[in-house]
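Since the structure comes first, as structure tokens, the remarks are kept for the end.
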Amino acid sequence: MAETLGFIGLGNMGAPMAGRLIDAGYELVVHDARAEAVAAFEARGARRAGSPAEVGAAASVVLISLPTPAIVEAVVLGEGGLVEGTAVRTVVDLSTTGPRMAAKIGAALGERGMVWVDSPVSGGAGGAKAGTLAVMVAGPPETCDQVIPVLKVIGKIFRVGERAGMGQTMKLVNNLLSAASMAISAEAVVMGVKAGLDPDTVIDVVNAGSGRSSSTLDKFPRSILPRTFDYGFATGLMYKDVKLCLDEAEAMGLSLWTANAVRQVWFQALNELGADSDFTKLIQVAERAAAVEVRGKAAK
Ligand SMILES: NC(=O)c1ccc[n+]([C@@H]2O[C@H](COP(=O)([O-])OP(=O)(O)OC[C@H]3O[C@@H](n4cnc5c(N)ncnc54)[C@H](O)[C@@H]3O)[C@@H](O)[C@H]2O)c1
């Protein structure tokens, strides 16, 4: 019989990850606050659970992909939460939750004889669909050994530590760089276009030169130049990640000067674009300031 897994949070990342698990032969018990997201998975043979506790009653290993640390905490430890289920033993958090929340929930689960595997991911909705995410796994080695065959379905595994929170720290390091590269790429490309350069040429040259980054290699050609703005990552979540990173740095007594400037850029984007906007719309903030539009060819 196929192994049953729980999955909570079927959004931009959760849906393609859960979809790959179904395709790989796992049986899923799913839950999401959005009924339509659950219905789409029922149509693919998954079982619906009415609450996180119901998921915890049906599966010993449960994966979660939820927006914010507060939501993760409520879904796992709150009323009707995952830990109320009698079957659940291992919870794998694929969300960006921050190291302190990961440690807090990990400790709370430990008191109940359960294990928290801190396992954030990077690579976007496209990477989730293709199974090419970077998966940053931290937790007790024997539990990690048990869940890694499942996680291999969604991406490449990096074991980054044995303590809940170490995966999160790795993820915040990665996303600080991602947030910074989007911010500076938007400014730089807008400046070049304002001076008369062709946007496609700018990106082609940068990608053949030393200025390239995941923003210029992926986000510009896929979402910004064709102006589809459909990368699948929300501005509010990008801001959350930068803020979590700076909160951690401050707790460590570190002053991250560039990161503080990056936070301000994303705070401005949050106010101008709204939390739910696609994060590649950041270009529009720079465009407004420069009174110019970056419009290239459609993605190939
Ligand atoms: N989108 C990306 O490119 C990306 C990449 C890597 C990591 N992440 C991280 O992964 C996590 C999920 O991101 P996403 O982009 O898929 O977000 P999303 O908003 O698209 O999806 C979150 C899902 O959680 C559901 N949800 C929210 N509150 C809930 C609750 N209380 N109970 C049950 N379901 C609830 C929502 O309905 C939604 O389907 C976040 O922590 C994010 O930072 C996102």
Side-chain angles (χ1 to χ4, degrees), residues 66-73 93-107 116 118-124 134-139 158-191 206 210-220 231 233-275 277-286 288-290:
L66 294 163
T68 63
I71 292 175
V72 170
E73 183 179 27
D93 184 20
L94 306 162
S95 331
T96 308
T97 308
R100 269 174 294 171
M101 184 58 83
K104 181 180 174 187
I105 303 178
W116 184 250
D118 173 22
S119 184
V121 297
S122 177
V135 186
M136 305 157 227
V137 186
F158 295 88
R159 294 181 80 139
V160 299
E162 298 187 2
R163 183 165 42 80
M166 293 179 82
Q168 292 296 329
T169 302
M170 183 64 244
K171 170 67 179 170
L172 295 185
V173 167
N174 178 80
N175 273 32
L176 177 57
L177 289 168
S178 173
S181 96
M182 260 305 290
I184 197 65
S185 302
E187 277 186 8
V189 174
V190 162
M191 183 250 167
V206 166
S210 58
R212 66 182 178 273
S213 66
S214 78
S215 298
T216 61
L217 286 164
D218 187 20
K219 282 103 188 180
F220 269 85
Y231 192 79
F233 185 45
T235 299
L237 295 182
M238 184 82 271
Y239 177 71
K240 169 205 66 168
D241 292 353
V242 176
K243 190 162 181 316
L244 280 172
C245 187
L246 279 161
D247 289 349
E248 273 325 295
E250 192 176 322
M252 293 165 72
L254 296 178
S255 168
L256 305 187
W257 297 341
T258 313
N260 269 302
V262 171
R263 188 193 70 81
Q264 283 180 317
V265 171
W266 286 103
F267 190 61
Q268 182 68 20
L270 191 66
N271 286 332
E272 281 194 34
L273 305 167
S277 62
D278 194 272
F279 91 126
T280 57
K281 279 196 169 181
L282 177 71
I283 193 85
Q284 295 178 343
V285 177
R288 273 197 279 275

Worksheet item: Distance from F220 atom CZ to T280 atom OG1, nearest 0.5 Å?
Response: 9.0 Å
Worksheet entry | Main-chain N/O of R212 paired to T216 side chain as donor or acceptor, under 3.5 Å | no
Item to complete: Give the minimum heavy-atom separation between V242 and A259, together with the two atoms involved.
Response: CG1-O, 4.2 Å
Tell me which donor-acceptor pairs under 3.5 Å the side chains of residues 173-180 have, and how far apart each pair is, sequence neighbours excluded?
| unit_1 | atom_1 | unit_2 | atom_2 | d |
| --- | --- | --- | --- | --- |
| N174 | ND2 | S122 | OG | 3.0 |
| N175 | OD1 | K171 | NZ | 3.0 |
| N175 | ND2 | D241 | OD2 | 2.7 |

Fill in: Closest contact, heavy atoms only, P120 versus G167
CG-O, 3.2 Å
Discussion item. Is it true that, when you exclude E250 itself, more than 12 heavy atoms of the residues, nucleotides or ligands shown sit nearer than 6.0 Å to its CD?
Written reply: no
Discussion item. Pair M238, M182 - check side chain to side chain contact (heavy atoms under 4.5 Å, CB included), show working.
Written reply: CA-CA 10 Å; M238 184 82 271; M182 260 305 290; 5.9 Å; no
Discussion item. Check the orientation of F267 and Y239. Use parallel for under 30°, tilted for 30 to 60°, and perpendicular for over 60°.
Written reply: tilted
Worksheet entry | R100 side chain near D247 side chain, heavy-atom distance below 4.5 Å | yes
Item to complete: For the residue pair P99 and M166, establish whether any side-chain heavy-atom pair is separated by less than 4.5 Å.
Response: no
Discussion item. I'd like to check L282 versus W266 (side-chain heavy atoms, cut-off strictly below 4.5 Å). Are they in contact?
Written reply: yes
Worksheet item: Do P69 and K240 come within less than 4.5 Å of each other through their side chains, counting heavy atoms only?
Response: yes
Item to complete: Supply the atom-to-atom distance E272 CD to Q284 CD, rounded to the nearest 0.5 angstrom.
Response: 9.5 Å
Worksheet entry | E248 side chain reached by T169 side chain, heavy atoms, under 4.5 Å | no
Practice prompt. Side-chain contact test, heavy atoms from C-beta onward, threshold under 4.5 Å: evaluate it for F279 versus L237 and give yes or no.
Written response: no
Fill in: Backbone of S215 reached by a side-chain donor or acceptor of S213 within 3.5 Å
yes
Item to complete: Of all the heavy-atom pairs spanning M136 and V160, show the shortest one and how long it is.
Response: C-CG2, 4.2 Å
Worksheet item: Is there side-chain contact between K104 and M101, with at least one heavy-atom pair below 4.5 Å?
Response: yes
Fill in: Spacing of I283 atom CD1 and L273 atom CG [to the nearest 0.5 Å]
11.0 Å
Worksheet item: So, for A290 and V190, which heavy atoms are closest and what is the spacing to 0.1 Å?
Response: CB-CG1, 3.4 Å
Worksheet item: If you take all heavy atoms of V135 and S119, which pair is closest and at what distance?
Response: CG1-OG, 3.3 Å
Worksheet item: Just how far is it from atom CG of D93 to atom CG of L66, taken to the nearest 0.5 Å?
Response: 7.5 Å
Worksheet entry | T235 side chain to S277 backbone, donor-acceptor under 3.5 Å | yes
Fill in: Sub-4.5 Å side-chain heavy-atom contact between Q168 and T96
yes
Worksheet item: What pair of heavy atoms forms the shortest contact from A183 to V265, and how long is it?
Response: CB-CG1, 3.8 Å
Worksheet item: How long is the gap from CG on N260 to CG on L246, to the nearest 0.5 Å?
Response: 5.0 Å
